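Written out below as structure tokens is the structure these notes cover.
Side chains included, hydrogens not; waters and symmetry mates left out as well; all remaining heavy atoms used. Not measured: the values here are computed from a predicted model. Every chain is numbered from 1, with letters handed out A, B, ... down the list of sequences.
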Amino acid sequence: MLWHGEVAVRLTEVEAYGGARDPASHAFRGPTARNAVMFGPPGHLYCYFSYGMHWAANVVCGPDGTASGVLLRAGEVVAGLDLARSRRGRSSDRDLARGPGRLAQALGLGADQRGADLLAGGPLRLEVAPPPAHVSVGPRVGVSVAAEVAWRFWETGSPYVSGYKRSPRAPAI
DNA sequence: CACTAGATGCTCT
DNA sequence: GAGCATCTAGTGA
């Protein structure tokens with residue numbers, strides 16, 4: 001469960017990214033100004049801009065010095081619905097945080113939150129919640145390399161996962 | 001409802 | 001100067 005101010009999102013879909021060992025990771029080619037956060041201590045927010053219009057939120061999970069992170073791909077807005085709605089504009093409640101870009105927008109994440117500490121007790125904080133009863137595993141989406149690595153996890157049957165274009169059904173692996 | 005195509009700007013080479 | 005861990009709008013069934 002990720003909180004930002006009064007808006008809370010229950011995560012329903014995530015993707016794991018290794019560091020130097022993962023060709024699909026931004027950290028594969030070494031640290032840069034953008035991904036430096038991933039090399040830092042865990043529990044920090046790695047926020048980056050992509051496709052010219054969307055932010056994607058990651059949580060650093062490896063120890064200090066090891067690049068690794070988890071991309072928050074989708075979630076369900078469970079608090080601060082009005083605020084999230086106003087940020088997302090006209091959109092059905094189900095689409096408020098379905099997709100990385102939408103998730104970041106609904107939470108109001110951006111350049112200001114880059115590298116923020118999620119465990120410091122500020123307005124932006126990560127809360128541990130019980131895992132969903134059923135979790136599916138599959139290949140990552142939108143990754144051009146190492147797509148065969150099944151490092152994507154989502155809540156089985158949840159309408160809040162992206163699923164995205166092709167394969168609306170959960171590929172059973 | 002399902003699918004296709006186009007837009008968009010920051011970041012690294 | 002090209003690449004992107006994507007979204008939205010618009011068209012067709």
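Here A:R102 reaches the OP1 or OP2 of C:dT8: one of its side-chain N or O atoms lies under 4.0 Å away. At least one side-chain nitrogen or oxygen of A:R88 sits closer than 4.0 Å to the OP1 or OP2 atom of C:dT8. When the side-chain nitrogen and oxygen atoms of A:H26 are compared with OP1 and OP2 of C:dA5, one or more of them lie within a distance under 4.0 Å. For the OP1/OP2 pair of C:dT6 and a distance below 4.0 Å, the side-chain nitrogens and oxygens of A:R73 include at least one atom meeting the criterion. The shortest distance between the side-chain N/O atoms of A:S50 and the OP1/OP2 oxygens of C:dA5 is not below 4.0 Å.
By the 5.5 angstrom centroid cut-off and the 30-degree plane limit, A:F49 is classified as not stacked against the base of B:dG9.
To the nearest 0.5 Å, the span separating CG on A:L124 from NE2 on A:H44 amounts to 11.0 Å.
Atom C1' of nucleotide B:dC12 and atom CZ of A:F28 are separated by 15 Å, given to the nearest angstrom. In this structure, the CH2 atom of A:W151 is 14 Å from the C1' atom of C:dA5, given to the nearest Å. Between A:H54 atom NE2 and B:dA7 atom C1' the separation is 9 Å, expressed in whole Å. Summarising the geometry, the separation between CZ on A:R114 and C1' on B:dT11 is reported as 10 Å, rounded to the nearest angstrom. A straight line from CG of A:N35 to P of C:dC4 spans 15 Å, rounded to a whole angstrom. Regarding A:Q105, its CD atom lies at a distance of 10 Å from the P atom of C:dC7, rounded to whole Å. One interatomic measurement links the two molecules: OH of A:Y51 to C1' of B:dC12, which rounds to 16 Å at whole-angstrom precision. Here the P atom of nucleotide C:dT8 and the CG atom of A:D95 are 8 Å apart, to the nearest Å.
Here C:dA5 is the nucleotide among C:dT8, C:dA5, B:dT11 with the atom lying nearest to any side-chain atom of A:M38. Checking B:dT13, C:dC7, C:dA5 against the side-chain heavy atoms of A:R29 singles out B:dT13 as nearest. In the set C:dC7, B:dT8, C:dA5, B:dT8 carries the atom at the smallest distance from any side-chain atom of A:M53. The side chain of A:L71 has C:dA5 as its nearest neighbour among C:dA5, B:dC12, B:dG9.
The side chain to side chain contact (heavy atoms under 4.5 Å, CB included) search around A:A74 returns A:T12, A:E13, not counting sequence neighbours. Taking the side chain to side chain donor-acceptor pair (under 3.5 Å) definition, one finds that A:H26 meets it with A:Y46, sequence neighbours left out.
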Pairs of donor and acceptor atoms involving the side chains of residues 106-116 of chain A, under 3.5 Å and at least two apart or interchain, shall be tabulated with distances.
residue	atom	partner	partner atom	Å
A:Q113	OE1	A:G110	N	2.9

>> What verdict does the side-chain hydrogen bond (donor to acceptor under 3.5 Å, both in side chains) test give for A:Q105 and A:R87, after you've listed the backbone C-alpha separation in whole Å, the side-chain angles of each residue and the deciding distance to 0.1 Å?
In response: CA-CA 7 Å; A:Q105 193 180 358; A:R87 280 201 274 246; over 6 Å; no
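A salt bridge links A:R10 with A:E155; the closest basic N to acidic carboxylate O contact falls under 4.0 Å.
Side-chain contacts under 4.5 Å among hydrophobic residues (ILVMFWY), followed directly or transitively, place A:V78 together with A:M1, A:W3. A:F49 belongs to a hydrophobic cluster with A:W55, counting contacts under 4.5 Å between side-chain heavy atoms of Ile, Leu, Val, Met, Phe, Trp and Tyr, direct or through other members.
Checked by distance alone, A:Y48 brings a side-chain donor or acceptor within 3.5 Å of a matching partner on the base of C:dA5.
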List, with names and distances, any nitrogen or oxygen atoms from the protein found under 3.5 Å away from nitrogen or oxygen atoms belonging to nucleotides 1-3 of chain C.
none

> If you write DNA chain C from 5' to 3' in dot-bracket form, with Watson-Crick or G-U pairs under 3.5 Å, [ ] for crossing pairs and | for pairs with another strand, what do you get?
Replying inline: ||||.|||||||.
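Within the structure, the salt bridge (charged side-chain N to carboxylate O under 4.0 Å, His left out) test picks out no pair touching residues 23-32 of chain A (sequence neighbours left out). For the ring pair (Phe, Tyr, Trp, His ring centres under 6.0 Å) condition, no pair includes a residue of residues 107-126 of chain A, sequence neighbours left out.
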